[in-house]
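The structure appears below as structure tokens.
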Amino acid sequence: MDEDNPIDEISRIEAQLDELAEVSERCRKIIVVSKVAIAGGAALLLVTMLGLFGPNQVTAVGSIAVVIGGIVSLGSNVSTLRETMAAMRAAEMLRSDLIGRIDLRLVGDGTIKRL
């Protein structure tokens with residue numbers, strides 16, 4: 001029964017690492033989208049300020065909102081990604097520690113029989 005506990009715990013940690021990997025990948029995708037939104041909003045604001053679309057206050061306000069939303073989303077997901085990566089490192093260290101504690105036994109005598 002004692003041997004099953006570290007193995008079960010390692011399996012649980014592996015599942016947790018898979019979930020954390022999915023979270024980090026999602027954060028990376030959102031970070032890219034946020035950067036695109038910031039760049040797109042800034043470009044649209046610049047074009048609006050230069051008067052290429054004509055005097056349109058709705059476009060200017062919308063582009064400012066997109067830039068601000070992109071900045072907020074970027075900051076939130078960068079901090080979430082950092083926390084997730086720290087949790088992954090901690091889980092990997094715990095998994096390594098548990099693997100090191102397992103009393104591994106050699107199966108067989110190590111000689112290979114040739115036919």
Out of curiosity, [X] [atom1] to [Y] [atom2], how far, rounded to the nearest 0.5 Å?
X	Y	atom1	atom2	answer
Ser11	Gln16	OG	CD	12.5 Å
Leu45	Ile64	CG	CD1	5.0 Å
Arg12	Asp8	CZ	CG	10.5 Å

> So Val66 and Leu44, side chain to side chain contact (heavy atoms under 4.5 Å, CB included) or not? Walk me through it.
Replying inline: CA-CA 10 Å; Val66 168; Leu44 182 60; over 6 Å; no
Starting from [Y], can I reach [X] by hopping between I/L/V/M/F/W/Y residues whose side chains sit under 4.5 Å apart?
X	Y	value
Ile68	Val61	no
Met88	Leu81	yes
Leu94	Met85	yes
Val33	Val72	no
Ile71	Val32	no

Salt bridge between Asp97 and Arg101, side-chain N to carboxylate O under 4.0 Å? yes
- Query: Ion pair present between Glu92 and Arg89, side-chain N to carboxylate O less than 4.0 angstrom?
  - Reply: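 Looking at Glu92 and Arg89, the cut-off is not met.
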- prompt: Taking it one step at a time, do Ile102 and Ile10 satisfy side chain to side chain contact (heavy atoms under 4.5 Å, CB included)?
  reply: CA-CA 10 Å; Ile102 296 175; Ile10 291 169; 3.5 Å; yes
Flag, side chain of Ser76 to backbone of Ser73, donor-acceptor distance under 3.5 Å: no
Which heavy atom in [X] sits nearest to a heavy atom in [Y], and how many Å separate them?
X	Y	answer
Val67	Ala42	CG2-N, 3.4 Å
Leu20	Thr84	O-CG2, 3.3 Å
Ala37	Gly70	CB-CA, 4.5 Å
Glu9	Leu98	CG-CD1, 3.2 Å
Cys27	Asn77	SG-OD1, 3.8 Å
Ala60	Ser63	O-OG, 2.8 Å

